[in-house]
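Here is the structure we will look at, set down as structure tokens.
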Number of protein chains: 2
Amino acid sequence: MVRAGLSTARLVQAGAELADEVGFDQVTVSALARRFDVKVASLYSHVKNSHDLKTRIALLALEELADRGAAALAGRAGRDALTALANVYRDYAREHPGRYAAAQFRLDPQAAAASAGARHSQMTRAILRGYDLAEPDQTHAVRLLGSVFRGYVDLESSGGFSHSAPDSQETWSRILDALDTLLRNWPAP
Amino acid sequence: MVRAGLSTARLVQAGAELADEVGFDQVTVSALARRFDVKVASLYSHVKNSHDLKTRIALLALEELADRGAAALAGRAGRDALTALANVYRDYAREHPGRYAAAQFRLDPQAAAASAGARHSQMTRAILRGYDLAEPDQTHAVRLLGSVFRGYVDLESSGGFSHSAPDSQETWSRILDALDTLLRNWPAP
DNA sequence: GCCTTTGCCTAAACCCCTTAGGCAAATAAT
DNA sequence: ATTATTTGCCTAAGGGGTTTAGGCAAAGGC
């Protein structure tokens, strides 16, 4: 009987691919077992349970996103950096909808602490080096940018902006313009 | 044999309450049947299937939110209106986390068209009457506000802003300040 | 070549979803 | 008031997904 060569890493990788194909919440231990042509119970030596599997896929997606973000930010500043990072999130969500959904999986504090979450906020904060913001405004701005990226990408992917003019791409550029302007003229309390 | 008095409306209402108690994705036909002390199959005369149930809960939440929004906007303009509507979303998410999650349930075009979705964008657009924005900037601004509301509330409820200074309430006010400023000084292309 | 570890399996229990068909309560017709 | 009809909830049954316990055989260490 030839072995399938399962491992936690391979399961998580395949789970991420499966997510992109059928949606993150259709990622199931059973579906994954089918994909490896293996009995369901066999996966339980490599993954604690279904929740554990999803958590690992989420962590993978967060790392991938952080890697792309870091690459995009390298050598850029100001508006350039802002646009680059924003597009990383938006493009990733378009290319890998399942993984992007996974990245929003609610992690328990345990997993959240071990995630690339901190890298993400650091990247956003790095963008603000190109603007003149002291604390606590810097943190407010980090949170605003995070909210816009997340909110816009969610709404766009759920079809909120399709079938109506102007097209989403134009709004996206104009919103990034607006944020750039806002960061350069951040209002005093 | 005394009847339980089921109806679609009662099921949806109870489903919404259940969602707030245990989370929207824990809302299941079985759990709802238990709550009415009735056999699972009995629900299928009132609700097509699990997806239909969730869709109806989502529609309920969207209506409730729109009603609250309309009430909050009445008699307000400008920054006041902006703050009022923004707080409707944030407060609703805090008071009714399950319903709020339901409101983000991906509706099929069918259901989306029959939902209060249009009311929501109209309310946001109404806020902009207090600012001087012509199309297409008005639409860009509507989408920006929608993104911020959605993104901020999501991130906050997933714990993204807890355990770190400054506290979330302060950031929220400052972000609304910033948006108000931005809308009054919307940059030309 | 033997032994230990590891990997995948079978078996079984539990929960959720959904459909088909039946009986009885509530409601309408006579 | 009695009958006829509709409606509401039930039992039965099949199909998945999750998870644990325990077994056999393949890989790898000696």
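Below, read A as the first sequence line, B as the second, and so on, with proteins coming before strands; counting in each chain starts at 1. Keep in mind it's a predicted model, so treat the numbers as computed, not measured.
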With sugar-phosphate taken as primed atoms, P, OP1 and OP2 and all else as base, the protein-contact string of nucleotides 15-21 of chain C at under 4.0 Å (heavy atoms; B, S, -) is -SSBB--

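If you take CG of B:Leu6 and C1' of C:dA26, they are 15 Å apart, rounded to a whole angstrom. Across the protein-nucleic acid pair, B:Leu11 atom CG and D:dG8 atom P stand 11 Å apart, rounded to whole Å. As a whole-Å value, the separation of B:Phe36 CZ from D:dC10 C1' is 17 Å. The distance between atom NZ of A:Lys39 and atom C1' of C:dA12, rounded to the nearest whole Å, is 15 Å. In this structure, A:Leu43 places its CG atom 14 Å from P of C:dT10, rounding to the nearest Å. Note: CG (B:Leu32) to C1' (D:dC9) measures 15 Å, nearest angstrom.
In this structure, A:Asp67 places its CG atom where more than 12 heavy-atom neighbours from other residues, nucleotides or ligands lie under 6.0 Å away. Within 6.0 Å of CG in A:Asp132 there are 12 or fewer heavy atoms belonging to other residues, nucleotides or ligands. Under a cut-off of 6.0 angstrom, the local environment of CZ in A:Arg129 is sparse, with at most 12 non-hydrogen atoms contributed by other residues, nucleotides or ligands.
Ring-plane geometry between B:Phe105 and B:His51 is classed as tilted, the angle between the planes lying from 30 to 60 degrees on a 0 to 90 degree scale.
A centroid separation of less than 6.0 Å is found between the aromatic rings of A:Tyr152 and A:Phe161. The six-membered or imidazole ring of A:His96 lies away from that of A:Tyr100, with a centre-to-centre distance of 6.0 Å or more.
OP1 or OP2 of C:dC8 lies within a sub-4.0 Å distance of a side-chain N or O belonging to A:His46. For B:Ser45, no side-chain nitrogen or oxygen approaches OP1 or OP2 of D:dG8 to under 4.0 Å.
Side-chain contact annotation: A:His140 with B:Thr171, donor-acceptor N/O pair under 3.5 Å present.
Ion pair B:Arg143/A:Glu156 not flagged as a salt bridge, since none of the NZ, NE, NH1 or NH2 atoms sits closer than 4.0 Å to an Asp/Glu carboxylate oxygen.
With B:Tyr89 as reference, B:Leu85 is the one residue of B:Leu85, B:Asn87, B:Asp91 to meet the side-chain contact (heavy atoms from CB on, under 4.5 Å) rule.
For the helix from C:dG1-D:dC30 to C:dT30-D:dA1, the axis fitted to the five pairs at one end and the axis fitted to the five pairs at the other end meet at an angle of 10° (nearest 10 degrees).
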